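Structure first, then comments.
Bear in mind the structure is a predicted one, so any value in this text is a computation, not a measurement.
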Amino acid sequence: MFEISKVKYTGKIKEVTLGSGEKAVIIGGETCYPFHLFEGEMPNTPKIAFEVWDFEPDDWQDWAIEPFRDVIGNPAAWARKCVEVFHAEIIALNLKGADPNGKDRVVEEVVSVVKNVIEAVDVPVIVWGTSNDEKDAVLLRRVAEVCEGKNVAIGPLSEKNYKHIGATAIAYNHPVLASSPIDVNLAKQLNILLGNLGVKDEKILIDPTTGGLGYGLEYSYSVIERDKMAGLTQEDIKLQYPIVCNLAQEIWKTKEAKLTQEDDPKLGDEKKRTILLESVSAMSMLIAGADVVIMRHPESIALVQEMIKELTSRGI
Amino acid sequence: MALTGIQIFKLLPKTNCGECKYPTCLAFAMALASSKAEIDACPYITDEGRLQLSEASAPPIRQVSIGSSDYEIKIGGETVLFRHEKTFLNQPGFAILISDTMDDAEIESRFEKVNFCQYDRIGTTLRPELVALKATGNDERFISLVKKAIEKPYGIVLICPIISLMKKAVEICKARKPLIYAATTENVQELGFLAKAFNCPLAVKGNGIEEVMHLTEQLTAMGVKDLVLDTSSRGVRESFQDQIIIRRAALVGKNKQLGFPTITFPCEMTDSLMKETLIASCFVAKYAGIIVLSDFKGESIFPLLLQRLNIYTDPQRPMTTEQGIYPINNPDSASPVLITCNFSLTYFIVSGEIENSRIPSWLCVMDTEGLSVLTAWAAGKFLGDSVGSFIKKCGIIEKIEHRKLIIPGYAASILGEVEEELPGWEIQVGPREAVHIPAYLKMWK
Ligand code: SF4
């Protein structure tokens with residue numbers, strides 16, 4: 001008789017609740033490597049979050065704008081469309097407009113956008129800052145305040161600004177995204193610091209830093225695998241948190257996502273190609289161990305959701 | 001797994017005759033243990049000893065070659081479950097399905113697609129490498145497919161349920177070392193003989209893992225060594241799990257009967273090419289040796305080729321690019337000059353964006369010990385004096401007539417220092433993020 005050689009899992013990824021009320025979503029909770037359901041459980045299947053920007057994007061491909069053309073200038077309407085038309089379970093509000101290297105919108109202006117979006121939808125929201133430590137320290141604290149009671153995931157928190165944002169998140173009871181640059185030890189270190197600060201285990205999410213397909217995807221892939229391995233098999237409790245990949249922006253900005261078929265016939269249809277660049281990357285992240293992936297195009301999201309369903313389906 | 005020097009010593013004649021060029025049998029055994037010598041250097045070892053040695057030193061997953069010359073691929077030979085544990089060695093081959101039911105134009109276009117879907121990517125070419133020829137009852141047409149295939153350079157998978165037809169096909173393309181698909185419980189003897197007679201790799205199709213093991217056991221006993229496994233599962237979940245279970249059985253469970261690469265068929269698992277591509281992406285990440293696709297379109301095969309490149313990149317490889325001058329888009333003496341660090345990801349993204357802009361440019365990559373611009377600057381490795389002396393020495397001055405240099409936006413604070421180091425130069429501050437490079441270069445003066 002052939003016997004499957006099974007992995008001895010000693011750990012479990014913590015469950016983190018996003019959002020509040022009926023549409024709250026629980027992520028994490030797995031007791032095995034991704035989709036290894038012959039030897040463990042994934043009680044909460046991985047989720048896809050729909051990306052929404054705080055302002056009308058000026059550099060998006062036309063085929064990326066197309067599904068949202070009627071709402072793209074209005075973040076609240078945009079988020080609502082994701083939920084009502086595309087059945088989004090989570091919204092990821094990307095505060096690109098606040099980036100000091102870009103539009104550098106003032107904090108209060110952006111905060112009012114956040115407020116509008118939060119009020120427009122009943123699903124959980126992830127609020128993603130600018131990755132500029134100083135700006136985020138101010139911006140995300142205000143976000144935490146105005147989102148009181150909504151259990152909004154806030155990040156990214158870096159080693160430099162985790163204290164400021166973390167303390168406010170504790171006060172308003174929001175989960176936080178601990179962000180480290182593609183390194184297991186740095187990820188662990190920041191999680192420890194957050195714990196010391198008083199952030200509860202069920203309020204920590206890991207942002208491992210996401211590389212796009214062809215642009216460092218392999219680094220993220222392996223760091224996620226190592227995070228999960230440490231958490232599930234090496235009793236590394238400080239790595240037993242769900243992983244969130246902010247993928248969309250890394251894919252859609254690459255040159256391979258921008259060239260049209262006319263520019264380079266060998267690359268084929270530009271819309272389908274970009275959808276596949278995004279969804280193949282998302283699959284890679286999910287197979288490595290991501291619990292939430294932030295994506296842009298409704299068609300790539302639908303494809304990945306179908307794959308998640310098949311990979312976790314019970315019927316054999 | 002591998003034997004120790006002492007264990008190997010016990011299998012040697014212990015006469016210390018020296019013909020292996022080592023003074024003693026023990027010294028030779030030690031050299032063998034550390035792979036510094038080949039067992040064939042000792043003419044006196046018994047057949048029995050030789051067998052034991054080769055069995056013990058055989059890799060847990062056999063490496064199998066398919067195809068010939070430029071398009072020869074190797075699959076299997078893997079030693080780890082996770083790429084970070086060492087590296088994955090042999091990328092899975094992508095095959096396009098060509099069937100005897102297709103008309104001439106379709107067949108021609110499919111062969112052409114293997115050639116068309118090739119992509120240059122800094123230092124390498126990404127391309128699929130196989131055609132899977134399928135017989136479904138039109139024997140003559142199938143044979144004509146095989147004949148057509150040997151006019152092209154690609155590797156061949158022969159999918160044919162009829163033994164006599166398979167034999168004809170193999171005879172035609174045997175020099176190409178085609179993969180014969182597939183031995184089942186019904187035909188294992190015949191196909192085993194065929195594979196052995198023509199020295200071609202053989203796929204094994206069993207109903208589930210246990211049947212596959214029975215088949216490989218029989219074939220191994222017949223002396224057929226180059227096998228490729230198919231468990232017949234065509235559901236996404238089962239097929240994905242089979243890949244993991246097989247790899248783990250071979251590496252962790254030391255299961256010899258499963259120590260072979262696998263073949264997968266996303267083309268039989270859905271009718272949508274989009275979904276098929278995602279199914280294939282699961283097999284790129286987790287362990288397929290060959291992935292048979294219903295079609296190659298630029299939009300579908302390109303993302304898979306990129307994913308394969310990424311997953312099979314050796315994580316032990318230093319994350320640096322060689323210091324030097326990189327011409328992009330055929331620059332001349334009037335083209336802009338940019339400088340950046342040698343962290344390979346930075347180089348990759350920056351050079352990609354310059355290419356994207358289609359503006360002919362010179363990219364100077366300075367050795368920053370693999371640090372990104374911002375970290376290199378913070379660590380004192382991207383400062384005015386180092387940038388200045390690099391620009392003077394690297395040879396860019398001979399290539400250009402102007403004296404303008406674009407430094408990364410993240411290093412804007414060294415502007416003054418660089419100006420001091422390079423008198424007579426106009427130092428320009430480029431964008432911080434690489435995405436903004438095309439817009440910047442288009443405006444550049
Ligand atoms: S050739 Fe063989 S028998 Fe002679 S010394 Fe070497 S190992 Fe020993």
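- For A:L286, no part lies under 4.5 angstrom from a heavy atom of chain B.
- In this structure, the side chains of B:V429 and B:I407 come closer than 4.5 Å at one or more pairs of heavy atoms.
- Counting only N and O atoms by type, the side chains of A:T130 and A:D99 include no donor and acceptor under 3.5 Å apart.
- With chain A as partner, the option from B:S239, B:A434, B:C282 having the largest number of non-hydrogen pairs under 4.5 angstrom is B:C282.
- With chain B as the partner, the residue from A:M307, A:K253, A:E256, A:M283 showing the most heavy-atom pairs under 4.5 Å is A:M307.
- The greatest number of non-hydrogen atom pairs below 4.5 Å with chain B, out of A:V7, A:D264, A:L277, A:L213, is found for A:L213.
- Here the side chain of A:E278 pairs no donor or acceptor atom with the backbone of A:I251 at under 3.5 angstrom.
- Only the side chain of A:E39 comes within contact range of chain B, with at least one heavy atom under 4.5 Å from a heavy atom of that chain.
- Only the side chain of B:T313 comes within contact range of chain A, judged by heavy atoms closer than 4.5 Å.
- For chain A, no part of B:R308 is nearby; none of its heavy atoms comes within less than 4.5 Å.
- Contact count against chain A (heavy-atom pairs under 4.5 Å) is highest for B:Q307 among B:E353, B:H436, B:Q307.
- Only the side chain of A:E306 comes within less than 4.5 Å of a heavy atom in chain B; its backbone stays farther off.
- Interface remark: of the candidates B:Q118, B:E433, B:K113, B:K297, B:Q118 forms the most heavy-atom pairs closer than 4.5 Å to chain A.
- By number of non-hydrogen pairs under 4.5 angstrom with chain B, the leading residue of A:L267, A:V223, A:L303 is A:L267.
- Note that B:R248 lies outside the cation-pi zone of A:Y33, set by a 6.0 Å cut-off to the ring centre and a 45° limit from the axis.
- At a 4.5 Å heavy-atom cutoff, the contact between A:P34 and chain B is made by backbone atoms alone.
- The greatest number of non-hydrogen atom pairs below 4.5 Å with chain A, out of B:I244, B:L304, B:L278, B:I279, is found for B:L278.
- A donor-acceptor pair under 3.5 Å is formed between the side chain of B:T216 and the backbone N or O of B:Q257.
- If you measure heavy-atom distances from B:I301 to chain A, you find no contacts under 4.5 Å at all.
- Without hydrogens or angle criteria, B:N342 side chain to B:T320 main chain gives no donor-acceptor distance under 3.5 Å.
- Interface remark: B:I349 contributes backbone and side-chain atoms alike to the contact with chain A (heavy atom separation under 4.5 Å).
- With a 4.5 angstrom heavy-atom cutoff, B:F296 does not touch chain A via any of its atoms.
- At a threshold of 4.5 Å between non-hydrogen side-chain atoms, the residues A:S131 and A:P156 count as touching.
- For A:F2, the parts sitting under 4.5 Å from any heavy atom of chain B are the backbone and the side chain alike.
- Using a 30° and 60° split on the angle between ring planes, A:W252 and A:H297 fall in the parallel class, below 30°.
- Side-chain contact check for B:E276 and B:S294: at least one donor-acceptor pair (N or O, by modelled atom type) lies under 3.5 Å.
- Between chain B and the residues A:K258, A:E270, A:M229, the largest count of heavy-atom pairs under 4.5 Å involves A:M229.
- With hydrogens and angles left out, the side-chain atoms of B:S272 and B:T270 include no donor and acceptor closer than 3.5 Å.
- Listed options B:K286, B:E210, B:M213 were ranked by heavy-atom pairs under 4.5 angstrom with chain A; first place goes to B:E210.
- If you measure heavy-atom distances from B:F240 to chain A, the contacts under 4.5 Å come from the side chain alone.
- Most heavy-atom pairs under 4.5 Å with chain A: of the set B:N255, B:V236, B:V252, B:L258, this distinction falls to B:V236.
- Taking 4.5 Å as the limit, every side-chain heavy atom of B:Y287 sits out of range of all side-chain heavy atoms of B:T262.
- The main-chain N or O of A:N44 is never found under 3.5 Å from a side-chain atom of A:E30 such that the two would form a donor-acceptor pair.
- B:R247 contributes a side-chain N or O that, together with a main-chain N or O of B:V80, makes up a donor-acceptor pair within less than 3.5 Å.
- Residue B:F116 touches chain A through both its backbone and its side chain, counting heavy-atom pairs closer than 4.5 Å.
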